[in-house]
Q: 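Structure in structure tokens, see below.
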Amino acid sequence: MLDLNTLSEFSRGNCISICTFLVPANLLVTILTISLVALRRPSHQVWQSAGIASFFASVMILHVYTWFQIGVVMAPTYILLWLAITCLAVNLAAIVFQRRYANNPSLSNNA
């Protein structure tokens, strides 16, 4: 059985390691998603990259909420929360942009 209290303690106890991995992972995979859309790569590649980035961002949000559970209200918690929400929003916007303008001839360089 999954014990959320133990999982929260693990998250808070290994905060430095978790954040050391999640911050660059969020940024790199989000930049990859933006790059794939800019290069007009196929939809499945954009979706895969956005899915991985959204997973990392969701894990970071859950990690920050473990700190909110015990009442830690400091600048780093809000900065990490802002970063994760921004990455989620950018990935969603990239998917919407790619779906809306993928076959639009007015945005093509060949016109």
Side-chain angles (χ1 to χ4, degrees):
M1 184 89 194
L2 184 64
D3 184 19
L4 293 178
N5 190 34
T6 305
L7 195 57
S8 295
E9 287 297 324
F10 175 80
S11 177
R12 289 189 296 266
N14 296 301
C15 183
I16 300 296
S17 301
I18 291 170
C19 290
T20 300
F21 172 75
L22 285 178
V23 170
N26 268 316
L27 294 174
L28 289 174
V29 183
T30 299
I31 290 170
L32 176 65
T33 304
I34 294 168
S35 300
L36 290 173
V37 170
L39 294 173
R40 296 180 179 259
R41 301 303 297 166
S43 298
H44 71 277
Q45 290 179 352
V46 174
W47 277 84
Q48 185 177 23
S49 177
I52 293 168
S54 298
F55 173 75
F56 287 150
S58 299
V59 170
M60 184 179 287
I61 289 171
L62 292 174
H63 172 65
V64 169
Y65 281 143
T66 64
W67 285 103
F68 287 150
Q69 280 179 335
I70 62 169
V72 175
V73 180
M74 295 176 16
T77 53
Y78 287 111
I79 292 168
L80 291 173
L81 186 62
W82 173 81
L83 173 68
I85 291 171
T86 302
C87 286
L88 280 174
V90 166
N91 283 290
L92 179 64
I95 290 172
V96 169
F97 182 84
Q98 194 258 347
R99 289 192 69 176
R100 181 168 292 169
Y101 298 111
N103 296 322
N104 193 342
S106 66
L107 295 176
S108 175
N109 292 334
N110 299 331

Q: Any luck finding a side-chain donor-acceptor pair between Ser8 and Thr66 under 3.5 Å?
A: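 Not at all, the side chains of Ser8 and Thr66 share no donor-acceptor pair under 3.5 Å.
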Q: Spell out, as yes or no, whether a donor-acceptor pair under 3.5 Å connects the side chain of Thr20 to the backbone of Ile16.
A: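 Indeed, once roles are kept as given, a pair shorter than 3.5 Å links the two residues.
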Q: Check whether more than 12 heavy atoms from other residues, nucleotides or ligands sit under 6.0 Å from atom CG of Leu39, and answer yes or no.
A: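 Yes, CG of Leu39 has more than 12 neighbouring heavy atoms, counting only those of other groups under 6.0 Å.
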Q: Going only through I, L, V, M, F, W and Y residues with side-chain contacts under 4.5 Å, is there a path from Leu36 to Leu92?
A: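 No, no single cluster joins them.
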Q: Flag the pair Arg99 / Trp47 as yes when at least one side-chain heavy-atom distance between them is below 4.5 Å, and no otherwise.
A: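 Arg99 reaches Trp47 side chain to side chain.
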Q: Donor-acceptor check, side chain of Ser49 to backbone of Gln45, threshold 3.5 angstrom: yes or no?
A: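 Checking the backbone N and O of Gln45 against the side chain of Ser49, no donor-acceptor pair under 3.5 Å is found.
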Q: Got a second to check how far Leu83's CG is from Cys87's SG, nearest 0.5 Å?
A: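 One finds 4.5 Å between CG of Leu83 and SG of Cys87.
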Q: Spell out, yes or no, whether Phe21 and Leu62 are grouped together once hydrophobic residues are joined by side-chain heavy atoms under 4.5 Å, including indirect joins.
A: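 As far as the 4.5 Å side-chain criterion goes, Leu62 and Phe21 are not connected within one cluster.
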Q: With hydrophobic residues grouped by side-chain heavy-atom distances under 4.5 Å, do Val59 and Val90 end up in a single group?
A: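 No, Val59 and Val90 fall in different hydrophobic clusters.
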Q: If you look at every heavy atom in Trp67 and Arg12, which pair is closest and at what distance?
A: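 Result for this residue pair: CZ2-O, 3.6 Å.
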Q: Would you compute the distance between atom CD1 of Ile61 and atom CD1 of Ile85 and round it to the nearest 0.5 angstrom?
A: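 It comes to 5.0 Å.
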Q: Can you hop from Val37 to Leu27 via hydrophobic side chains spaced under 4.5 Å?
A: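 Different clusters: Val37 never reaches Leu27 through Ile, Leu, Val, Met, Phe, Trp or Tyr contacts under 4.5 Å.
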Q: So, for Ala50 and Thr33, which heavy atoms are closest and what is the spacing to 0.1 Å?
A: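 Closest approach of Ala50 to Thr33: N-OG1, 3.5 Å.
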Q: Would you check, one step at a time, whether the test side chain to side chain contact (heavy atoms under 4.5 Å, CB included) holds for Ser43 with Gln98?
A: CA-CA 8 Å; Ser43 298; Gln98 194 258 347; 3.2 Å; yes
Q: For the pair Thr77 (side chain) and Val73 (backbone), establish whether a donor and an acceptor sit closer than 3.5 Å, ignoring hydrogens and angles.
A: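 No; judged by distance alone, with no hydrogens or angles, the pair does not exist.
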Q: How far does CG of Leu80 sit from CE of Met74, to the nearest 0.5 angstrom?
A: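 One finds 10.0 Å between CG of Leu80 and CE of Met74.
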Q: May I ask you to check whether over 12 heavy atoms, not counting those of Phe10, lie within 6.0 Å of atom CZ?
A: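 Counting other residues, nucleotides and ligands, CZ of Phe10 stays at 12 neighbours or fewer.
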Q: Measure up the Phe68 and Tyr78 rings against each other and bin them: parallel (under 30°), tilted (30 to 60°), perpendicular (over 60°).
A: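 Rings of Phe68 and Tyr78: tilted, 30 to 60°.
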Q: Check for me, please, whether Ile95 and Phe97 land in the same ILVMFWY cluster - side-chain distances under 4.5 Å, paths through other members count.
A: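 Ile95 clusters together with Phe97.
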Q: Under a 4.5 Å cut-off applied to non-hydrogen side-chain atoms, are Ser35 and Arg41 in contact?
A: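 No - every pair of side-chain heavy atoms lies 4.5 Å or more apart.
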Q: Specify the closest pair of heavy atoms between Thr30 and Ala53, including all atoms of both residues, with the distance to one decimal.
A: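 Where Thr30 meets Ala53 most closely, the heavy atoms are OG1-CB, 4.0 Å.
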Q: With rounding to the nearest 0.5 angstrom, report the CE to CG distance, Met60 to Asn26.
A: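 Atom-to-atom, Met60:CE and Asn26:CG are 4.5 Å apart.
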Q: Nearest heavy-atom pair of Leu88 and Ser58: which atoms, and what distance?
A: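 What the structure gives for the nearest pair is CD2-OG, 4.3 Å.
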